[in-house]
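As C-alpha cells, the structure follows; a few thoughts come after it.
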Amino acid sequence: MDADAANYDESKVPVYTLTDPLVMADGSKVADADAWLVKRRPEILKLFQDHVYGRGPGKPAGQEFDVVSENRSALDGKAIRKEIDVFFLGREKHAKMRMLIYIPKDAKGPAPAFIGLNFRGNHTIHKDPEISITESWVPNDKQIGYENNQPSERSRGSQASRWQVEKLISRGYALATIYCGDIDPDFHDGFKNGVHPLFYKEGQTSPASDEWGTVGAWAWGLSRGLDYLENEAEVDGKKVAVMGHSRLGKTSLWAGATDERFALVISNNSGCGGAALSKRQVGETVGRINSSFPHWFNGNFKKYSDNEAALPLDQHMLIALMAPRPVYVASAIEDRWADPRGEFLSAFHASPVYKLFGKDGMPAEEMPEENKPVISTISYHIRSGVHDVTAYDWDRFLDFADSYMR
Ligand code: GTR
C-alpha cells in the first residue's frame, strides 16, 4: 500500500473506542492526581513498554563524558559551542554518542535548553565549519552527497532551517543535539549495531518482544544527553525541553514519557506511533509502519498490524504520561500521512488527566484553523505547508517555552 492508497476520508474512519486513561486496570476510577501518579501512570507506562516501544535498560552505571571541543566565541561571538562524547559504559568500552551544544554567550546564569535528535549528523544543523562530521553510518542521500553510507563535507548546514540555531540563541536558549545514528543506525539489521547489544544478557542476540526497538533506543539516548546536561554548569538541567520531528518526534514523546526530568515535551509532525491516534487508521497505519520500519517498535507491536482495535491503549495516553508537564503537539496541513486530526485528538483526549492537576490540558474542542495555535498546558497548532520543521514552528515552541522555562 502506498501513501496515496491510505485512507484520508473521515467517513471511512472505523468506529473505535478509546481506553479511558482515568480508569485503572481493575476498573476503579482514578480519583485524584496522587492516584494517577502512584498507580495509573505506571500502569499506562507499562502498557506502552509491553505493546509499543519496549523496555529499555535505564541509566547505565559508569557513564563518562569527555568535552572534545569547546569554542567560547562561536556564531560570531554570540554562543559557546561544545561537543561532548557520552560514553555509555565508560571510556574503556568505547560505545558513545557525540552531543553538540550551543549555549547563549550572554546568558545571566545557567540557560534553559532544548534537546533533540537530528536525522543526518550534527554538522547538518548549522553551517559552522567546526562542527565535527559524524563517523557513524549515515543513510545514502544524493542531495547532500551521502554515498556508501558515508557523510559528506557539503552536507554541512543542510538541515539548518529545521534548527534555527541563531533564533534559539538570541532568545536565550541553549540547544543540544545528537545524531540519532550514533545511538542506533536507522535501518533494520536485527539489532546488531547501535546500543542494543551493549545490554544483551548472555546468549541474547536480539531484544525480547517487550524490549526496546530503535525508537526506544533513541529515547534512551536523549536521557543520556540529559544526564550530561544535568552536570553542565552553563545549562539549567531542570529546564530542558525535549523536541523532535517525525520519527524523532515519536522519540521525543517516548523520551518525555519515560523520563520525567524533561521539563517540557514537543512533538512535531510525529504521526503514527507518535501523537496520532492509531485506531483512526488515517494516513500511515500500524500495519504500514511495522512493515516499512520493523525496527522502530517492539516485537509485540506487530500484533496490532491491521488489528488496531485490539490495542489496549492509544496515543492520547502517551500524551497523558507527560502530565502535569507542558506538552506541545504540532501538525502541518499537507502532512496528511501523519493524520493531523488524529494528532489533535490525542492532545484533546489527554486533557482529563491534566484536569486532575488543576490544569487546562487542551482547551479547544474543535481543531483550530491553519496557523491559529491553541496555547495551554497542552498546546496544538496546524501550520500551513508540508511535513517539516520551520521558523514558524520554532517561534511557537519558543513562546511556549518562555511561559514555563524562563
Ligand atoms: C516516514 C514515516 C513516518 C515518519 C517519517 C519521518 O517515512 O512513514 O512515520 O516518521 O518517515 O520520520 O520523516
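Numbering of ligands and ligand atoms starts at 1, following listing order. Only heavy atoms go into these numbers, but all of them, side chains included; no hydrogens, no water, no symmetry mates.
- Side chain of Ser155 to main chain of Thr124: no donor-acceptor pair is present (N/O by atom type, distance under 3.5 Å, no hydrogens or angles).
- Donor-acceptor pairing under 3.5 Å is lacking for the side chains of Asp388 and Thr390.
- Taking a heavy-atom cut-off of under 4.0 Å, ligand 1 is surrounded by Phe119, Ser246, Arg247, Lys250, Glu284, Ile289, Phe293, Trp296, Trp337, His387.
- In summary, Arg98 and Asp85 engage in a salt bridge, as defined by a charged side-chain N under 4.0 Å from a carboxylate O.
- Under the 6.0 Å cut-off for aromatic ring centres, Trp137 and Phe187 qualify, their centroids lying closer than that.
- A centroid separation of less than 6.0 Å is found between the aromatic rings of Trp220 and Phe199.
- Considering all non-hydrogen atoms of both residues, Glu308 and Ser278 come closest at CG-O, 3.5 Å.
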